[in-house]
Peer 1: 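Encoded as C-alpha cells, here's the structure I'll be asking about.
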Amino acid sequence: MSDDHTLDELVVTALARCLDDETRAFNGAASFVPVVAFLLARATHAPRLLWAAASIGVDARPSEIPDSTLSGSLWEGASMLQSSPYDFWGRAFTGRLNTFCFRGAQIDAFGNVNNTVIGDYEAPRVRLPGGGGMSDLGGVIPRLLLWTTTHDRRTFVDRLDFRSGLGWGDGGDHRERLGLPGGPLACVTDLAVLDFHPVSRRMRLRSVHPGGTVDDVVDATGFDLVIEGDVPETRAPTAQEVALIRRLDPTGARRREFQRT
Amino acid sequence: MSDDHTLDELVVTALARCLDDETRAFNGAASFVPVVAFLLARATHAPRLLWAAASIGVDARPSEIPDSTLSGSLWEGASMLQSSPYDFWGRAFTGRLNTFCFRGAQIDAFGNVNNTVIGDYEAPRVRLPGGGGMSDLGGVIPRLLLWTTTHDRRTFVDRLDFRSGLGWGDGGDHRERLGLPGGPLACVTDLAVLDFHPVSRRMRLRSVHPGGTVDDVVDATGFDLVIEGDVPETRAPTAQEVALIRRLDPTGARRREFQRT
Amino acid sequence: MGVGWRRMVPADGKLVALADVAGLVPDGASVALGGFSLEGAPMAFCAELVRAGARDLELVVPVGGMNVDWLLAAGCARRVLTALVGFEGFGLAPWFRRAAEQGLVEVEDWSEHTMLSALQAAILGVPYMPTLAGLGTDLPARLPGRMWELADERSGRRFIACGPLAPDVAVVHVHEADRLGNARVLPRSVWLDGELVKAARTVIVTAERIVDTEVFRAAPERTSYPGFAVDHVVAAPGGAWPTASGPGAAPDAAFYRDYVRAARDPAAFRALFAQRVAPLPPSSLVPA
Amino acid sequence: MGVGWRRMVPADGKLVALADVAGLVPDGASVALGGFSLEGAPMAFCAELVRAGARDLELVVPVGGMNVDWLLAAGCARRVLTALVGFEGFGLAPWFRRAAEQGLVEVEDWSEHTMLSALQAAILGVPYMPTLAGLGTDLPARLPGRMWELADERSGRRFIACGPLAPDVAVVHVHEADRLGNARVLPRSVWLDGELVKAARTVIVTAERIVDTEVFRAAPERTSYPGFAVDHVVAAPGGAWPTASGPGAAPDAAFYRDYVRAARDPAAFRALFAQRVAPLPPSSLVPA
C-alpha cells in the first residue's frame with residue numbers, strides 16, 4: 001500500500017475496482033473522475049474494458065484529459081467516431097454499452113439523483129445544469145455507478161428536490177414493475193464505497209476510506225444507511241496504481257471534481 | 001418537333017414536363033425512365049431541380065446510367081452521400097425531398113398501386129418484388145408521379161390484387177381524412193398523359209401520344225377515365241430534347257423499361 | 001498517443017474461418033442479411049449456409065435480391081421478411097418468385113420505413129414505433145402481429161405502430177475489418193445495414209480485407225461499426241459476389257443474366273449453381 | 001462527369017451577411033441552436049441576436065452552455081428547452097442560473113433522448129415518439145404538453161410518449177459551406193445538430209469558410225448537410241468562439257474563466273460583454 005496517495009487517487013481507484021473486462025462504458029459532461037477510472041482499470045485489471053470518450057471516441061487513448069470530458073480532444077487515438085446519435089443511443093438502449101458513471105448533486109437512499117434544482121422547482125435556491133444524459137440513462141443502463149466528492153447531508157438527502165435520474169425508484173421491485181433493466185450498482189464517494197441492498201435496494205455501506213469511521217459516514221448521510229456487521233476499510237491505491245493515475249492524467253484534471261464549484 | 005424520336009424519348013420528355021425548379025426528387029429501384037427525366041428537366045426548363053440518385057447521391061451528374069438505378073455508380077459527381085437512413089427518410093417525411101416517380105405493375109382509378117402479387121395473395125399467379133419504398137412514400141410524398149410503359153388492361157385495373165402503395169385511396173377526401181399530405185399528381189404512360197380529377201380524384205385523360213386516339217386509351221384502361229372535352233395530342237420531344245436524352249443516357253438504359261420482363 | 005495498453009485479447013480475437021460460419025446460425029434462427037438490391041450483400045456467407053444445408057431460417061432482408069434467391073433455391077428458409085426482393089434490370093428473382101407462388105415460403109410484405117421502425121422499436125426497447133408509412137395500404141392487414149393501426153387519443157391522428165423486430169443474427173459485408181471487430185464500408189455504409197447490426201443479438205461481419213486496428217485509429221471518422229458492436233469477423237475476399245462489392249462497384253451482370261436464364265431449366269440451374277456457388281442440398285426447391 | 005449544367009441560381013445563392021442574420025429570426029420564434037456544451041456552437045449568430053435586441057425567443061438547445069447564457073444575459077429569450085446548460089469544468093452558466101432562480105425565464109427540463117424523440121416525431125409527422133428515457137423521473141410531470149406516460153394495450157409495457165418538437169429556425173455552425181447550402185463539419189458532425197436541421201422549418205448555417213461546390217463533390221461522403229436542406233449560409237470565421245470551433249479544437253478557457261468571474265459584478269460583466277461580444281441591449285437581465 002502506498003502512503004503518498006491523495007484522496008482523488010483513492011476515489012478513482014475505488015471506482016476503477018467497480019469495473020471489469022466486460023465493462024463497455026461511455027462518459028458524459030463533467031466526468032473527470034470516471035474517465036480516469038476507466039483508463040486506470042483498462043491499464044490494470046480490465047485490459048478488455050471498452051470506453052467511448054464523450055460517447056463518441058470509441059476506445060480512445062488520450063495522452064491527457066482536456067477542460068471538458070465532452071471535448072473532441074478526448075477522442076485521441078479512437079478507433080471510431082460514433083458521431084450519429086442513433087448509433088450511440090441505439091447501443092446504450094440495447095446494452096452493448098452497459099456502464100455509465102453519474103455524479104448527483106443530490107442522491108437519495110435508492111440511488112435516484114437530482115442535477116436540476118436545489119429548493120422549490122418553480123423558484124429554485126440553486127438552478128443546476130439539468131439531468132442531461134442521466135435522465136435518459138438512469139432507467140436503461142444495466143451497470144450504473146454513482147459517485148460524488150462531496151459526501152455530506154446536502155448531497156445525500158432523504159427527499160430529492162427533483163428526480164432528474166432514476167436509480168432504484170421507490171425501492172424494492174419498483175424498477176422491475178416499470179419494466180426497466182439493471183439499476184445503480186454502487187456509489188463511490190470521498191468518504192466511503194456503498195452499494196444497494198439486493199432486496200430493499202436501499203443504499204448499504206460496504207467500506208470506509210482510511211482515516212474515516214462508520215460514524216463519520218452516518219453523520220454525513222441524510223438518510224438511514226443499511227449497515228451489516230463490521231465495515232472494512234477501503235483498500236488504498238497501490239504505488240503502481242498511483243503512478244499509473246499520474247501518468248494517465250498528467251495535468252490532474254481529476255482534481256477539478258474536488259474543488260467546490 | 002423532331003420526327004425521329006422513339007417512344008421511350010417521348011415518355012421521358014412527358015415525365016420531365018411534370019418537373020420544375022422546385023422539384024426535389026429521388027429515385028428507387030428500376031427507375032431508368034424517371035432518372036433520365038430528372039436529368040433532362042435539369043438540363044432544360046428546371047436547372048434548379050434537385051435529384052438524389054438512389055436517394056443517396058445528392059445532385060449527382062452521372063456520365064451514364066448503370067445496370068441498377070440503386071447502384072453507387074449513379075452517384076458520380078454528387079455533392080453529398082446521404083448514407084444515413086435517418087437523413088433520407090427524415091427529408092422525405094418533412095417534404096424537403098418532395099418528388100418521387102413510381103411504376104405500378106397494377107394501377108387503379110385513384111392512383112393506388114400494386115407491386116406485390118398478381119392474383120390471390122395467398123397463392124399468387126405472379127409474385128412480384130414487393131412495394132419497396134412506394135409502400136412508405138405513397139402516403140407521404142407531396143408530388144407523386146406514376147408511370148408505366150405497359151398501358152393495358154393488365155396494368156390499369158378496376159380492383160388491385162393488393163394495395164402496395166397509397167394513391168388517392170378510395171378517392172375524394174380519403175387522403176385528407178387519413179391526415180396525409182399531397183397525392184399522385186400525374187400518370188405518364190406509353191399511350192397518354194393523365195392526371196387526377198381535383199374533386200373525385202379519379203384518373204383523367206390529359207393528352208394522347210401522337211399516333212394514338214382517345215379510344216385506344218379507353219380500350220387499354222380497365223376502369224372509366226374522366227374525359228373532359230377535346231383531348232389534345234401530347235407534344236412530341238423537340239430535336240434538342242432528343243439530342244440531350246441521347247447524351248444524358250448514352251447507353252440507352254431507358255429502353256430497358258420497354259422490354260417485357 | 002496515451003500509455004501503451006496490454007491488450008489481453010485472444011490472438012485471433014473475433015476471427016472465424018469462412019468454412020465455420022454456418023455453425024453460428026442455428027436452424028430456425030431469424031437471420032438479417034445486409035446489402036441493398038444489387039450491392040454489398042454477404043453472398044459468401046449465404047453460400048456457406050447453402051453448403052451446410054441450413055434449414056427453417058427466417059430471413060430479414062429490407063431490400064433483397066440474390067441473397068434471398070440463393071437461400072430459397074437451396075430450401076434454407078421458411079419465411080422472408082422484406083420490402084422488396086428482385087434483380088432490378090435483370091428481372092424477377094426466380095426462386096423467390098416460384099417459392100412464393102407455390103406456397104413453399106411465407107413472404108411477409110413490409111415496407112422500408114416500417115422495417116426501419118420495427119428495428120428501432122427493438123433497439124430502443126419500446127413496444128412499438130409509430131410511422132405514417134403503410135397507412136392506407138394493405139400491408140398492416142396482412143401482418144397483424146407485426147404492425148397495426150393506432151390513433152393518438154389527444155390529437156386523433158392515425159399512424160401505423162410497428163412492433164419490435166430483433167433478428168437473432170445479422171450478417172453484413174464490409175470492405176475492411178480487424179480482429180477486434182472494427183469494420184468499415186468505403187466511402188460509407190449505406191441504407192439499413194447499420195440498423196440490422198444494432199437490432200440483432202449476434203453480429204457477424206464478412207470483410208474483403210482483414211487489416212490492423214491502426215488502420216481504424218488513423219481515420220476513426222470512417223469506421224462504420226465499432227468492435228464492441230461486432231461478435232464475429234470473417235475474412236471473405238470477393239464475399240459480395242455477384243452483388244457489387246460496395247458503393248461505386250458493379251455487380252457481375254453476366255452472372256445475373258446466366259442465373260436468370262438457367263433458372264428456366266432445373267438441370268441447367270443445378271449445374272450452374274453447383275459450379276459457381278455450392279452444390280444444392282437435399283432440401284433444395286429446385287426439382288432434381 | 002456528366003454534361004455541364006446551366007445553374008441558374010442567383011449569384012450569391014443562399015449567402016447572407018452576418019450583420020443581416022437577426023432579420024431571419026422574428027421575435028417570439030422558436031430557435032434551435034447547435035453545439036455540444038463547450039464545442040461548436042453558433043456563437044457569432046447569438047452575438048448578432050444580442051446586437052439586434054431580439055426578444056421573447058424560445059431556445060431549443062439539447063446540450064447548451066455559452067450560447068444560452070449570452071442570450072439570457074441580453075434578455076432575448078423567454079423560455080429554454082434543454083437537457084443541460086452549463087460550463088462543465090468552468091462551473092455553472094451564471095445568467096442561466098440567475099434567470100431561472102429569479103423566475104425571469106421558463107426552463108423546460110428535457111433529457112437528451114426525449115428531445116431527440118420529440119424532434120423525430122416532428123420530422124416523421126407522427127403524433128408522438130416512444131422512449132424509455134424519462135420513465136420514473138420527474139421530467140414528464142413538469143412538461144405535460146410535451147411528453148406523457150403511456151402503456152401499450154397489447155403488452156402493457158410503459159413508455160414516455162414525446163410529442164412533436166419543430167423549431168421555427170435551426171442555426172448550426174460548420175467548418176465549410178458553399179453558396180448552394182452544402183455544409184460540413186470535419187471530421188464529422190456530432191450529436192443532435194443533424195436532428196435540429198431536419199426538424200426546423202428554416203435552417204441557417206454559419207461557416208468558418210465559404211468554399212466552392214467542387215470541394216463537396218470531391219468528397220461527397222464527408223458532407224454533413226445537403227444544399228437542399230439549408231436555407232441560408234453565413235460566412236462567420238471564428239463563429240464558434242469562445243466554444244471550440246469543432247471536434248478536436250479547444251474552447252477559449254481564459255474567456256470562460258473571465259466571463260464567470262465578471263458575472264459576479266454587473267458593471268464588470270457589462271464591460272467585458274460589450275468589449276468581447278456586443279453591447280447589452282435594454283432588455284438585458286444584467287442590472288444596469
Side-chain angles (χ1 to χ4, degrees), chain A residues 28-30 32 54-57 66-73 75-76 81-86 88-89 92-93 112 114-117 119 121-140 160 162-166 169-170 174-175 178-180 253 256 261, chain D residues 36-40 62-65 82-93 96-103 107 109-114 116 131-139 142 155-159 185 187-192 194-195 244 246-251 253 256:
Chain A
F32 299 96
S55 319
I56 294 172
D67 290 332
S68 153
T69 55
L70 292 183
S71 153
S73 47
W75 308 340
E76 187 189 349
L81 293 192
Q82 188 170 241
S83 57
S84 157
Y86 297 97
F88 164 65
W89 289 108
F93 279 99
N112 306 299
N114 169 23
N115 264 12
T116 304
V117 292
Y121 185 77
E122 299 300 340
R125 256 197 341 282
V126 179
R127 168 66 223 199
L128 296 169
M134 182 58 193
S135 302
D136 305 301
L137 297 162
V140 170
L160 300 176
F162 183 84
R163 186 189 285 178
S164 321
L166 182 71
D170 306 333
H174 183 203
R175 258 187 101 102
L178 285 174
L180 295 173
R256 281 176 183 274
T261 43
Chain D
F36 179 46
S37 185
L38 304 181
E39 270 186 16
V63 180
T82 189
L84 180 147
V85 175
F87 288 177
E88 286 207 57
F90 302 107
L92 301 178
F96 168 72
R97 178 179 171 181
R98 276 192 203 113
E101 289 169 6
Q102 292 159 22
V107 178
D109 283 288
W110 292 67
S111 70
E112 292 177 33
H113 200 260
T114 49
L116 172 59
T131 177
L132 296 181
L135 198 57
T137 72
D138 286 343
L139 268 63
R142 291 291 176 180
S155 63
R157 285 169 57 199
R158 296 151 65 146
F159 58 88
V185 175
R188 269 177 95 152
S189 158
V190 290
W191 227 231
L192 293 189
E195 305 314 299
Y256 270 88

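Within every chain, numbering begins at 1; the chains are lettered A, B, ... in the order of the sequence lines, protein sequences first and strands thereafter. What you are looking at is a predicted structure, and each value in this text was computed from that prediction instead of being measured.
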Peer 1: For A:S68, which atoms come within 4.5 Å of any heavy atom of chain D: side chain, backbone, both, or neither?
Peer 2: both
Peer 1: Looking at D:F36, D:F87, D:F159, D:F90, which has the largest count of heavy-atom pairs under 4.5 Å with chain A?
Peer 2: D:F36
Peer 1: Looking at D:G86, D:A100, D:A99, which has the largest count of heavy-atom pairs under 4.5 Å with chain A?
Peer 2: D:A100
Peer 1: With a 4.5 angstrom heavy-atom cut-off, which part of A:V126 approaches chain D: side chain, backbone, both or neither?
Peer 2: both
Peer 1: Please flag which part of A:S55 lies under 4.5 Å from any non-hydrogen atom of chain D: side chain, backbone, both or neither.
Peer 2: side chain
Peer 1: For D:S111, is there any backbone N or O sitting under 3.5 Å from a side-chain donor or acceptor partner on A:D136?
Peer 2: no
Peer 1: Mind listing the closest non-hydrogen atom pair of A:R163 and D:G136 along with its distance?
Peer 2: NH1-O, 2.8 Å
Peer 1: How many angstroms lie between atom CG of A:N114 and atom CG of D:D138, to the nearest 0.5 angstrom?
Peer 2: 8.5 Å
Peer 1: Checking heavy atoms, do the side chain of A:I56, its backbone, both or neither come under 4.5 Å from chain D?
Peer 2: side chain
Peer 1: Distance from A:Q82 atom CD to D:R188 atom CZ, nearest 0.5 Å?
Peer 2: 10.5 Å
Peer 1: Can you tell me which portion of A:P124 sits under 4.5 Å from chain D's heavy atoms? Options are side chain, backbone, both or neither.
Peer 2: both
Peer 1: Name the region of D:R157, side chain, backbone, both or neither, that has any atom closer than 4.5 Å to a heavy atom of chain A.
Peer 2: neither
Peer 1: With a 4.5 Å cut-off on side-chain heavy atoms, are A:P129 and D:L92 touching?
Peer 2: yes
Peer 1: Of the non-hydrogen atoms in D:E88 and A:T69, which two are nearest, and what is the gap between them?
Peer 2: OE1-N, 3.4 Å
Peer 1: Relative to chain D, which of A:A92, A:P66, A:S164, A:A54 shows the most heavy atom pairs under 4.5 Å?
Peer 2: A:S164
Peer 1: Should A:R127 and D:Q102 count as side-chain neighbours, where that means a heavy-atom distance under 4.5 Å?
Peer 2: no
Peer 1: At a 4.5 Å cut-off on heavy atoms, which part of A:L180 comes close to chain D: side chain, backbone, both, or neither?
Peer 2: side chain
Peer 1: My understanding is that only residues two or more places apart in sequence, or in another chain, count here; which of them pass salt bridge (Lys or Arg N to Asp or Glu O under 4.0 Å) with A:R175?
Peer 2: none
Peer 1: With a 4.5 angstrom heavy-atom cut-off, could you sort out which part of D:R98 is near chain A: side chain, backbone, both or neither?
Peer 2: neither
Peer 1: Under a 4.5 Å cutoff for heavy-atom pairs, which residue among D:L139, D:D109, D:L38 has the most contacts with chain A?
Peer 2: D:D109
Peer 1: A side-chain contact here means heavy atoms from C-beta on lying under 4.5 Å apart; do A:S135 and D:T114 qualify?
Peer 2: no
Peer 1: Between A:F162, A:F32, A:F88, which shows the greatest number of heavy-atom pairs under 4.5 Å with chain D?
Peer 2: A:F162
Peer 1: Shortest non-hydrogen contact from D:L84 to A:G130?
Peer 2: CD1-O, 4.2 Å
Peer 1: Let me know if D:L135 has heavy atoms under 4.5 Å from chain A in its side chain, its backbone, both or neither.
Peer 2: both
